Amino acid sequence: MNPSSSALASRPENEAPERRRARDYDSPVARIALRAAGAGILLACWQLTAVNGVFGPGLPTLGATGGKLATLMGDPGFWIATAQTIWLAVLGLAISLVAGVLLGMLIGTIESVFYATRAVTEFLKPIPPIVVLPLCVMIWGPTNTMALVLVMIGTVLSTTIQVIAGVNDTDPVAMNTARSFGMGRMERLWRITLPSAASYIGTSVRIGAPAALIIVVVAGLLGGAPGLGSAIYRAQAAGDYPGVYALVLVLGVLGLAAQNLTAAIERRVLHWHPAFRKVEK
Amino acid sequence: MKRHAFNLALAVATPLLLVVVWYGTSSSSTNAFFPPLRQILSRFADLWLFEHFTSDILPSLGNLVVGFVSAVVLGVALGFVLATVPLLRAMFEPSLHLLRGIPPVALVPILITLVGFGNEMRISSIMIAAVFPTMIATIDGIRAVDSGLKDVCTVYQLSKRDRLLSVYLPSAGPQIAAGMQVSLLVAFIVMIASEMMGTAQGIGAMTLLAQQTFMAADMWAGILLLGLIGFLSNLLFDLIKNRVLSWYIGSKKMEKVS
């Protein structure tokens, strides 16, 4: 009794300094200051390497890249390319989502379809869309259609697999309740299976959004489809190195925005779901 | 039981049927984009079996392996440091998330400007792009180490080294493995992309060249080979992962049963 109570008593003392330190880093001012310092150190490393000319003209200075970034901001062509990139990614992802939900419900609810398609999906799952890029370029050329098809190819399978998992995860009690209420097959699909799979669909959007953006960039960079990808390719081919860096930084911001935005949308749309309820408070 | 056998038969028969249908319907195809499967397979045998095996397949795979392995080592090491030193994590984690947001393939043109078109460019592109998934998974995995486990470490007065190697690393293992699997996929994508940008060597370059010269059968052969490599590398990773993490998979099974 005695040793255990003393151990319990000593625990908070032991943890106190560590916790206090952690709280220091968590205060808003400290967090912003530390982030700025971290980013500053990385930027300083970049600047030093560039000024010393370790990589020759291949690594532009911060000033040159920042200047190029500012010029891009005033260039309507850049905004058109950005809008095109985002639009292709969103449209492709939306089509994949609809197709993936339909396919996933079909495969997930009918057992024989599940077994019949299993080997094919398992084989195709680890193959990235860049593998079929040459085929798409051959058929559609360097066009928006090619990029769109590539985005669909790249995201439809992962959506389908997520939805199948969601359908399999349906609560059997809820299903039996619905059945005893006399709901028909379609009504059960709509009111039980689909909401059960909702969090899995949310996951697939969160994974799919950055993936779709990446695929549009790949389609532009390697296949010549319009958008930021081909802008990078042109800048690189023309020896406009600050341009390459500025565009890649823009892509980094876009990628980060895609991740955070989809996570926020998921939280908002699925606020009723058990997985998000505890986050809400 | 009968139903089970039927499902199994279905699972085996469908892919075979698909291949047979592809072979049959394409056998007299004159479509420029979809040549007969027979022709694709014969080009596959001509191109990849032995003729370009040492000149293109081996260098590609070598870059993939070297880039991936160094990315994993670097990712786990950096992840460990960032997860265990709160000051560094507070400083660099936001910047890392910005860097992670960059599409991996967009790093290829940057690396080309820095180190040219050689093999070093390909390996370093693969490494830099593939480091992020492993590193982030390592950080998250170590942060998620059960606080009870940490208390036990303190009670047993484990040294820092023992703590890291025999408690934190195995505890974060499953998550690190998941990150490594994503890294492998990224490495594979960047391997292809680095070959498709302006070089003449490697499977990706050969496939893109075939497309640009409208050699449809050669291009299909390249797609088949790349697909096979993607599938087999993932399969190999799964086998190794299941062996290394067998203790974890076993404990999950026990949890499910109980």
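It should be emphasised that the depicted structure is a prediction, and the values quoted were computed from it without experimental measurement. Throughout, protein chains are lettered first and strands after them, A, B, ... in sequence-line order, and every chain is numbered starting at 1.
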Grab the two heavy atoms, one from A:Pro128 and one from B:Ile189, that are nearest each other, plus how far apart they are.
CB-CG1, 3.5 Å

Taking every non-hydrogen pair under 4.5 Å, which of A:Ile139, A:Val218, A:Leu222, A:Ile232 racks up the most with chain B?
A:Ile139

Pick from B:Val155, B:Val12, B:Ile192, B:Leu88 with the largest number of heavy-atom pairs that fall under 4.5 Å of chain A
B:Ile192

So which heavy atom on B:Leu185 is nearest to which on A:Pro126, and how close?
CD1-O, 3.4 Å

Rounded at 0.5 Å granularity, tell me how far CZ in B:Phe92 sits from CG in A:Leu42.
5.0 Å

Region of A:Phe123 in contact with chain B, defined by heavy-atom distances below 4.5 Å:
both

Is any side-chain heavy atom of A:Tyr115 less than 4.5 Å from a side-chain heavy atom of B:Thr14?
no

Should A:Tyr245 and B:Ile110 count as side-chain neighbours, where that means a heavy-atom distance under 4.5 Å?
yes

To the nearest 0.5 angstrom, please state how far the CG atom of A:Leu247 sits from the CD1 atom of B:Ile102.
11.5 Å

Could you tell me which of A:Ala119, A:Ser112, A:Pro129 has the largest number of non-hydrogen atom pairs under 4.5 Å with chain B?
A:Ser112

Heavy-atom side-chain proximity of A:Arg35 to B:Ser95 below 4.5 angstrom
no

Using non-hydrogen atoms only, which part of B:Leu18 is less than 4.5 Å away from chain A: side chain, backbone, both, or neither?
side chain

If I measure from the heavy atoms of chain B, does A:Leu133 come under 4.5 Å with its side chain, its backbone, both, or neither?
side chain

If you define the side chain from C-beta out and look only at heavy atoms, does anything of A:Gln236 sit under 4.5 Å from B:Met197?
yes

Heavy atoms, side chains only, cut-off 4.5 Å: are A:Asn260 and B:His97 in contact?
no

Winner by heavy-atom pair count (cut-off under 4.5 Å) against chain A, out of B:Asn234, B:Leu107, B:Leu98:
B:Leu98

Option from A:Val131, A:Ile127, A:Ile130 for which side-chain contact (heavy atoms from CB on, under 4.5 Å) with B:Phe188 holds
A:Val131

Looking at A:Tyr233, I'd like to know if its OH atom is crowded, meaning that more than 12 non-hydrogen atoms belonging to other residues, nucleotides or ligands lie closer than 6.0 Å.
no

Largest heavy-atom contact set with chain A, pairs under 4.5 Å, which of B:Val105, B:Ile223, B:Leu226, B:Leu228:
B:Ile223

Pick from A:Val120, A:Leu221, A:Val244 with the largest number of heavy-atom pairs that fall under 4.5 Å of chain B
A:Leu221

Please identify, among A:Val132, A:Val137, A:Val253, A:Val250, the residue contributing the most non-hydrogen atom pairs under 4.5 Å to chain B.
A:Val137

